[in-house]
Amino acid sequence: MRYLDEYRDGQAAQRYAEALRAIVTRPWTLMEVCGGQTHAILRYGIDELLPPGLTLIHGPGCPVCVTPVAALDRAVALARRAGVVLASFGDMLRVPGSAADLLHARAAGADVRIVYSPLDAVALAEREPEREVVFFAVGFETTAPANAMAVRLASRKGLENFSLLAAQRRVPPALDAILASPDCRVQAFLAAGHVCAVMGIAEYVALAARRRVPVVVTGFEPLDLLQGVAMAARQLEEGRGEVEIPYSRAVRPGGNPAARAAMDEVFEPCDGEWRGLGVIPDGALRLRPRYAAFDAARRFPDEGGERPAPRDGDCLAGLVLQGRLRPPDCPAFGGRCTPEHPVGAPMVSAEGACAAYYRYRPRPAAAVAAVGAP
Amino acid sequence: MCLGIPGEIVAVREGGAPESPRLAVVRFGGAEREVCLDLVPEARVGDFVIVHVGVAISILAREEADAVFGYLEEIQALSELEAEAGAPGEPPEAP
Ligand code: SF4
């Protein structure tokens with residue numbers, strides 16, 4: 001048991017595909033919320049195992065992709081400031097801002113450092129007390145507890161040179177916004193398993209009841225995804241709209257109490273812009289007043305305050321992130337826009353939908369049968 | 001940056017400074033990495049955890065590990081039942 005390979009069994013996947021054909025009598029459209037799921041679906045060809053008429057569209061669940069241009073611009077401005085170390089997860093470095101990305105800023109002399117964990121950024125601040133360390137805190141509810149722990153740790157250690165550029169997003173309000181759109185095609189969600197591992201399902205129960213939509217809390221391996229699809233399809237066929245948790249090995253209905261407590265202690269919900277979806281009420285997290293001393297936006301108020309929202313260039317990420325455009329249908333896809341020279345965020349991130357299509361499609365049909373091959 | 005990966009706790013480092021995180025060594029396939037256990041205080045050596053940005057966020061429940069196979073059997077049994085009952089409008093197969 002390694003909680004990995006056993007869920008990549010090609011024979012079981014084929015049996016799931018057969019059972020699905022018996023379940024599905026009508027066309028349905030499901031959205032997988034999380035970019036990690038999008039990647040697994042394309043990598044293992046899960047979409048090609050589904051019965052005709054059962055369509056998966058890719059959701060906005062990639063924190064790198066939905067971080068708005070204004071947040072990128074602020075990070076670039078802070079990185080260029082003398083005495084500042086801008087610490088960031090690696091895949092934020094190549095996400096285009098309105099004029100430059102962090103990689104360009106670094107090439108021009110800015111002190112940008114890649115960290116694997118927010119806690120590493122705290123250690124950096126401790127090691128270099130003469131520098132101001134700003135951690136660029138992107139992420140969903142999965143990441144927010146780790147960001148919260150970093151702030152708490154810095155506070156306990158009495159560090160005065162550590163702050164957070166908070167650009168975190170909350171997922172359920174974005175799902176609500178997608179359903180509210182008049183041309184919404186989504187009939188059920190495969191919800192992001194690790195967001196729910198932290199948060200539990202309360203917000204999704206409310207969403208499912210209010211919108212009469214099936215929400216199936218799904219894992220990230222091929223069999224997990226097939227089970228999620230089967231449960232969502234059965235709900236749709238039977239006219240139900242409930243929350244189910246097939247990813248029960250990692251998700252408890254109440255989530256992770258310690259993680260939620262850390263998050264609640266440090267952050268509070270606020271309105272926030274999602275790239276492609278606009279400003280979403282309660283769609284973001286900011287530092288609570290008692291931790292204001294760790295808020296980079298307060299410590300450096302002159303860097304990128306209220307400016308007109310910069311435009312996204314000619315990237316169609318907005319449509320991709322709402323599930324209204326398949327990445328290969330973007331005119332820039334694979335030509336002007338590649339992972340080496342990304343025009344937009346979804347081509348950069350390891351979880352971006354455009355990058356997933358670029359990496360895994362088209363591929364030989366033989367690979368479809370070999371679900372489970374790495 | 002957003003992925004959560006399962007790994008096995010192979011050692012727990014007790015006895016750091018009181019304000020420091022509780023750390024463990026977690027094995028992912030061949031690689032080992034230091035991981036913070038503060039959000040899964042009950043985690044022990046031998047447990048599998050989901051690790052995200054250097055922090056364990058969930059202990060995997062052994063008793064739920066096979067749920068995905070159980071559900072497969074359930075829906076297969078269901079589709080066989082339906083096949084036996086005959087799809088609507090289709091005559092049953094001749095004996
Ligand atoms: S292919 Fe490139 S330009 Fe087109 S939507 Fe994706 S990231 Fe944007």
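Scope of the values below: all heavy atoms of this structure, side chains included, with no hydrogens, waters or symmetry mates. Proteins come first, then strands; the chains are lettered A, B, ... in the order of their sequence lines, and each starts at number 1.
Within the 4.5 angstrom heavy-atom criterion, no atom of B/V35 approaches chain A. A/Q227 touches chain B through backbone and side chain together, each having a heavy atom under 4.5 Å away. Using a 4.5 Å cut-off between heavy atoms, A/F89 touches chain B through its side chain atoms alone. With a 4.5 Å cut-off on non-hydrogen atoms, A/R252 touches chain B through its side chain but not through its backbone. Both the backbone and the side chain of A/V138 come within less than 4.5 Å of a heavy atom of chain B. Only the side chain of A/I23 comes within less than 4.5 Å of a heavy atom of chain B; its backbone N, CA, C and O stay farther away. Proximity to chain B (any heavy atom under 4.5 Å) is shown, for A/M231, by both the backbone and the side chain.
Residue with the most contacts toward chain B among A/V115, A/L223, A/T142: A/T142 (heavy-atom pairs, distance under 4.5 Å). Contact count against chain B (heavy-atom pairs under 4.5 Å) is highest for A/A19 among A/A262, A/A19, A/P246. With chain B as the partner, the residue from A/A197, A/S349, A/S248, A/A258 showing the most heavy-atom pairs under 4.5 Å is A/S248. Among B/I57, B/V40, B/L72, the residue making the largest number of heavy-atom pairs under 4.5 Å with chain A is B/L72. Ranked by non-hydrogen atom pairs under 4.5 Å with chain A, the options B/L78, B/V55, B/L60 are led by B/L60. Between chain A and the residues B/E80, B/E8, B/H52, B/E63, the most heavy-atom pairs under 4.5 angstrom are made by B/H52. Note on A/G36, A/A259, A/P145: by heavy-atom pairs under 4.5 Å with chain B, the leading option is A/A259.
For the residue pair A/T218 / A/Q37, no side-chain donor-acceptor distance below 3.5 Å is found, with atom types taken as modelled.
Closest of all the heavy-atom pairs between B/D47 and B/E42 is OD2-O, 4.2 Å.
Taking the charged nitrogens against the carboxylate oxygens, B/E74 and A/R234 do have a contact shorter than 4.0 Å, which makes a salt bridge. Salt-bridge formation is not detected for the pair B/D38/A/R152: no Lys NZ or Arg NE/NH1/NH2 atom is positioned less than 4.0 Å from an Asp or Glu carboxylate oxygen. Between A/R2 and A/D5 a salt bridge is recorded (basic side-chain N to carboxylate O distance below 4.0 Å).
Ring orientation note: the planes of A/H194 and A/Y247 are tilted relative to one another, at an angle of 30° to 60°.
Taking the six-membered ring for Trp and the full ring otherwise, B/F48 and B/F28 have centroids separated by 6.0 Å or more.
For the pair A/R249 and A/Y7, the cation-pi criterion (under 6.0 Å, within 45° of the ring axis) is fulfilled.
Looking at A/D264, its side chain never comes within 3.5 Å of a backbone N or O of A/A261 through a donor-acceptor pair.
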